[in-house]
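Remember, it's a predicted structure, so these values are computed and weren't measured experimentally.
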Amino acid sequence: MPIGPVNASAITRTLHHGAKQGIATGLGAALMDFIYCGGAAQIHQFLQSSPIINLIFQCIGFFVLIFVGIKTLRSKALSSQALTPKLDEQKESAAEQRVEKMHVHSTGYVQAFLIGVVLYASNVAAIPEWIFISALWRGYHLLADGVVVNLTFALGAGLGTAGWFIFLVKFIAKRQRGFKPTTLSRINLGAGVALLIFSAYFGYEIIFGTNWHAVSGSFQANTGQQ
């Protein structure tokens with residue numbers, strides 16, 4: 001929900017070309033969420049056999065959440081000056097150039113969809129984040145193993161992402177304007193605080209929910225084999 005490149009693109013396309021263009025951009029991102037989440041859930045299922053590797057990815061996800069949370073809070077100052085930070089505009093422009101190389105119509109729904117795909121695909125933190133979320137769900141026995149289960153889990157993630165973008169675009173289209181600077185600041189502040197709260201909770205789960213005996217035993221076994 002933080003106003004990043006994909007959200008910013010969905011907003012600007014809604015204002016310039018209409019709600020369908022904004023929704024198309026969001027659906028492109030939702031498709032990538034489905035792919036990334038499904039792949040990450042399958043990767044985590046494989047990683048469960050190695051407590052050390054699983055712990056490493058959990059720690060990566062933990063630090064990514066802290067980084068994104070702090071970055072979101074810091075973007076609060078930028079949002080009072082413009083609708084989106086310059087970096088988001090640059091990423092959207094770069095995505096448009098990549099899509100144009102595919103000879104797609106510049107104002108078509110396909111281009112808007114592909115821009116959502118390209119912008120989301122550039123998010124290198126998505127895989128570690130979804131691996132960590134998969135680990136959390138499996139830690140609470142809410143996510144079983146199996147390709148069908150992982151795909152169903154990913155489908156839920158994709159539908160959730162699509163639902164968010166549809167809500168966002170409808171909100172913007174109804175008012176025919178972007179967020180006010182104060183509203184944007186509040187969104188970024190709330191999202192940043194939420195991310196930091198989640199990261200603190202996940203850090204607690206890593207410290208007190210990890211089977212450290214299994215991690216130690218796996219480490220000793222690997223060291224002994226070497």
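Nearest heavy atoms, T25 versus S9: CG2-OG, 3.8 Å. Contact detail for A41 and N150: the closest heavy-atom pair is CB-OD1, 3.5 Å. L27 and A162 get closest at one heavy-atom pair: CD2-CB, 3.9 Å. When all heavy atoms of A144 and V149 are compared, the closest pair comes out as O-CG1, 3.5 Å. Closest of all the heavy-atom pairs between F34 and A154 is O-CB, 3.3 Å. Counting all heavy atoms, side chain and backbone alike, A112 lies closest to R13 at CB-CD, 4.1 Å.
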Next on the checklist: Go through it in stages, so that I can follow the logic: the residues are T161 and Y120, the test is side chain to side chain contact (heavy atoms under 4.5 Å, CB included), and I'd like the CA-CA distance, side-chain angles, deciding distance and then a yes or no.
Outcome noted: CA-CA 12 Å; T161 300; Y120 193 98; 5.7 Å; no
Item to check | Test ring pair (Phe, Tyr, Trp, His ring centres under 6.0 Å) applied to F113 and Y109, step by step | outcome: CA-CA 6 Å; F113 178 85; Y109 301 134; over 10 Å; no
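The CD1 atom of I23 sits 5.0 Å away from the NZ atom of K170 when rounded to the nearest 0.5 Å. The CZ atom of F202 lies 11.5 Å from the CD1 atom of I197; values are rounded to the nearest 0.5 Å. From S122, atom OG reaches atom CE of M32 across 9.5 Å, with rounding to the nearest 0.5 Å. Of the inter-residue distances, the one linking T210 atom OG1 with L55 atom CG reads 5.0 Å to the nearest 0.5 angstrom. Atom CD1 in I207 sits 7.0 Å away from atom CZ in F62 (nearest 0.5 Å). Atoms CD1 and CG, on I133 and L143 in that order, are 11.5 Å from each other to the nearest 0.5 Å.
By the 30° and 60° cut-offs, the orientation of the rings of W164 relative to F167 is tilted.
Here the two rings, on F208 and Y204, have centers that are under 6.0 Å apart.
Legend: salt bridge (Lys or Arg N to Asp or Glu O under 4.0 Å) pairs involving residues 144-169, not counting sequence neighbours, sorted by first then second residue: R138-D145.
Residues L142 and W130 share a hydrophobic cluster, clusters being chains of Ile/Leu/Val/Met/Phe/Trp/Tyr side chains in contact below 4.5 Å.
Between the side chain of S199 and the main chain of L196, a donor-acceptor pair closer than 3.5 Å is present.
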